[in-house]
Number of protein chains: 2
Amino acid sequence: MATMKKQVSPTISFSTCSTRAVLKLIGDQWTAMVIYALEGGTKRFSELSALIDGVSKKMLTQTLRDLEHNGLVQRIVYPVVPPRVEYSLTPLGMTLTEPIGALRQWAEEHLNEMEQAQREHDQAQHLFIQEQVASIVQQR
Amino acid sequence: MATMKKQVSPTISFSTCSTRAVLKLIGDQWTAMVIYALEGGTKRFSELSALIDGVSKKMLTQTLRDLEHNGLVQRIVYPVVPPRVEYSLTPLGMTLTEPIGALRQWAEEHLNEMEQAQREHDQAQHLFIQEQVASIVQQR
DNA sequence: CCGCATCCGGAGCGATACTG
DNA sequence: CAGTATCGCTCCGGATGCGG
């Protein structure tokens, strides 16, 4: 097991934590899904737009630019009319599919547990609020 | 989720993609780091606050509440003066440490590559802008 | 067909002050 | 000590229109 006790040292500066950097990368709504969509191979802008339900042109452009800027996605413009732009993962981008896949796998395995926990928690909250209301009413 | 307008896409519906759910979970700035901090064991509110550099009380509270709501973190309040509140990972929360660890590992391995790609890209951008300026100056 | 610029409403977040 | 309440600001993200 690689993960032993792994005690958090008392002086860890979280500002330099690499987790933060990755989160800044894929933390937004669309990045992970763009990468996921590009796992299938090279895609045109309009194809991505159609695949990723709900994304606006602006956000898609922004996300792709960001990924390109970080060297995870390659952007190829064909100077033809009408314009044709193709996006694909770089080798570096491909390596990101693994941890993202791990995340997705976790989600598929544990999402139902989480939803159940949510329901239980909501119910507890609900009952608690009812008690509060009851006690307030009683005071009057 | 309440308002599902378009569900006609024959391809993958990304709105129901589990990746999205996980990202909503750990996508924000602090969640992943709270979990990371709690890997070391039970922590008090003030301890977390000290460990996670730069987090405000408001955000820390919000993040912890969210995690508690999803059944990933347990919150125990000791009714004493001064107040004492302890947070710890639930078994479900522990399972999240793996994919998050994978993410961090990827970051540590590839962050330098990304930074290099960024620099190269920035330089290319810079040169391009220089060309633009030059051509404009030339026109005058 | 692709992408950039602009505007604008609203959510998110920090700082501060207050409570128990 | 561990929050809650409120204010104010920033920035996200959608809609629209232009340009190549």
Side-chain angles (χ1 to χ4, degrees), chain A residues 14-15 20 23-34 37-38 42-69 73-88 125 128-129 132 135-136 139, chain B residues 2-3 5-6 14-15 20 23-34 37-38 42-69 73-88 121 125 128-129 132 135-136:
Chain A
F14 281 92
S15 9
R20 205 166 215 164
L23 255 32
K24 221 168 183 57
L25 233 197
I26 63 165
D28 68 288
Q29 186 82 284
W30 307 114
T31 304
M33 276 185 292
V34 168
L38 285 177
T42 301
K43 295 274 186 303
R44 298 188 57 178
F45 183 89
S46 50
E47 289 177 304
L48 288 173
S49 192
L51 272 173
I52 304 172
D53 191 38
V55 69
S56 66
K57 282 195 299 180
K58 180 184 177 179
M59 279 302 101
L60 186 55
T61 300
Q62 201 175 92
T63 304
L64 287 166
R65 284 281 194 265
D66 221 45
L67 286 169
E68 186 196 5
H69 179 254
V73 158
Q74 185 171 24
R75 177 172 178 264
I76 302 178
V77 183
Y78 297 91
V80 296
V81 179
R84 181 184 183 88
V85 184
E86 287 184 347
Y87 296 90
S88 56
Q125 274 290 5
F128 179 71
I129 290 172
Q132 297 290 308
S135 70
I136 290 172
Q139 286 176 8
Chain B
T3 53
K5 290 181 185 176
K6 297 178 180 178
F14 281 92
S15 7
R20 206 166 214 163
L23 255 31
K24 220 167 184 58
L25 232 197
I26 63 165
D28 68 288
Q29 186 83 284
W30 307 114
T31 305
M33 277 185 291
V34 168
L38 286 176
T42 301
K43 295 275 184 302
R44 297 185 60 176
F45 183 88
S46 50
E47 289 177 304
L48 289 174
S49 192
L51 273 173
I52 304 172
D53 190 38
V55 68
S56 65
K57 283 193 296 183
K58 181 184 177 179
M59 278 301 100
L60 185 54
T61 301
Q62 200 175 94
T63 304
L64 286 166
R65 283 298 200 287
D66 219 47
L67 286 168
E68 187 196 5
H69 179 254
V73 158
Q74 185 171 23
R75 178 172 177 264
I76 301 178
V77 182
Y78 297 90
V80 295
V81 178
R84 182 185 183 88
V85 184
E86 288 183 348
Y87 296 90
S88 56
H121 193 269
Q125 275 289 6
F128 179 71
I129 291 172
Q132 297 289 308
S135 71
I136 291 171

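Below, read A as the first sequence line, B as the second, and so on, with proteins coming before strands; counting in each chain starts at 1.
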Identify the pairs formed between an N or O of the protein and an N or O of nucleotides 13-17 of chain D at a distance under 3.5 Å, and give each distance.
residue, atom, partner, partner atom, Å
dG13(D), N7, Lys58(A), NZ, 3.1
dG14(D), OP2, Ser56(A), OG, 3.0
dG14(D), O6, Lys58(A), NZ, 2.2

* **Side chain of Phe45(A) (C-beta onward), nearest among dT4(D), dC2(C), dA2(D)** => dC2(C)
* To do: Verify the contact: side-chain N or O of Arg44(B) to OP1 or OP2 of dA2(D), cut-off strictly under 4.0 Å; return yes or no.
  => yes
* Minimum side-chain heavy-atom gap Thr42(B)-Ile76(B) below 4.5 Å -> no
* For Leu64(A) and dC2(C), give me the distance from atom CG to atom P, rounded to whole Å. => 11 Å
* Structure fact -> Taken to the nearest whole Å, CG/Asp53(B) to P/dG14(C) is 12 Å
* To do: Ignoring backbone atoms, establish whether Ser49(B) has a side-chain N or O less than 4.0 Å from OP1 or OP2 of dA2(D).
  => no
* Atom CD1 of Ile76(B) to atom P of dG3(D): distance rounded to whole Å? -> 13 Å
* To do: Ignoring backbone atoms, test whether Tyr78(A) places a side-chain nitrogen or oxygen under 4.0 Å from the OP1 or OP2 oxygen of dG20(D).
  => no
* To do: Compare the minimum distances between each of dG3(C), dG3(D), dC1(C) and the side chain of Pro83(A), then state the nucleotide with the smallest one.
  => dC1(C)
* Asked: Looking only at heavy atoms, what is the nearest atom pair of Ala32(B) and Leu23(A), with distance?
  -> CB-CD2, 3.4 Å
* To do: Could you check how far NZ of Lys24(A) sits from C1' of dC11(D), rounded to whole Å?
  => 12 Å
* To do: Answer yes or no: does a side-chain N or O of Arg65(B) lie under 4.0 Å from OP1 or OP2 of dG3(D)?
  => yes
* Asked: Roughly how far, to the nearest 0.5 Å, is CE of Met33(B) from CG of Leu60(B)?
  -> 10.5 Å
* Taking side chain to side chain contact (heavy atoms under 4.5 Å, CB included) as the test, write out the residues that go with Asp66(A), two or more places apart. => Asn70(A)
* Structure fact -> For Lys43(B) and Leu51(B), the nearest pair of non-hydrogen atoms, with its separation, is CE-CD1, 3.6 Å
* Asked: Does a nitrogen or oxygen in the side chain of Thr61(B) sit under 4.0 Å from OP1 or OP2 of dA2(D)?
  -> no
* To do: Would you tell me if any nitrogen or oxygen in the side chain of Arg75(B) comes within less than 4.0 Å of OP1 or OP2 on dA2(D)?
  => no
* Give a yes or no answer on whether the side chain of Thr63(A) reaches the backbone of Met59(A) with a donor-acceptor pair at less than 3.5 Å. => yes
* Grab the two heavy atoms, one from Arg75(A) and one from Tyr87(A), that are nearest each other, plus how far apart they are. => NE-OH, 3.3 Å
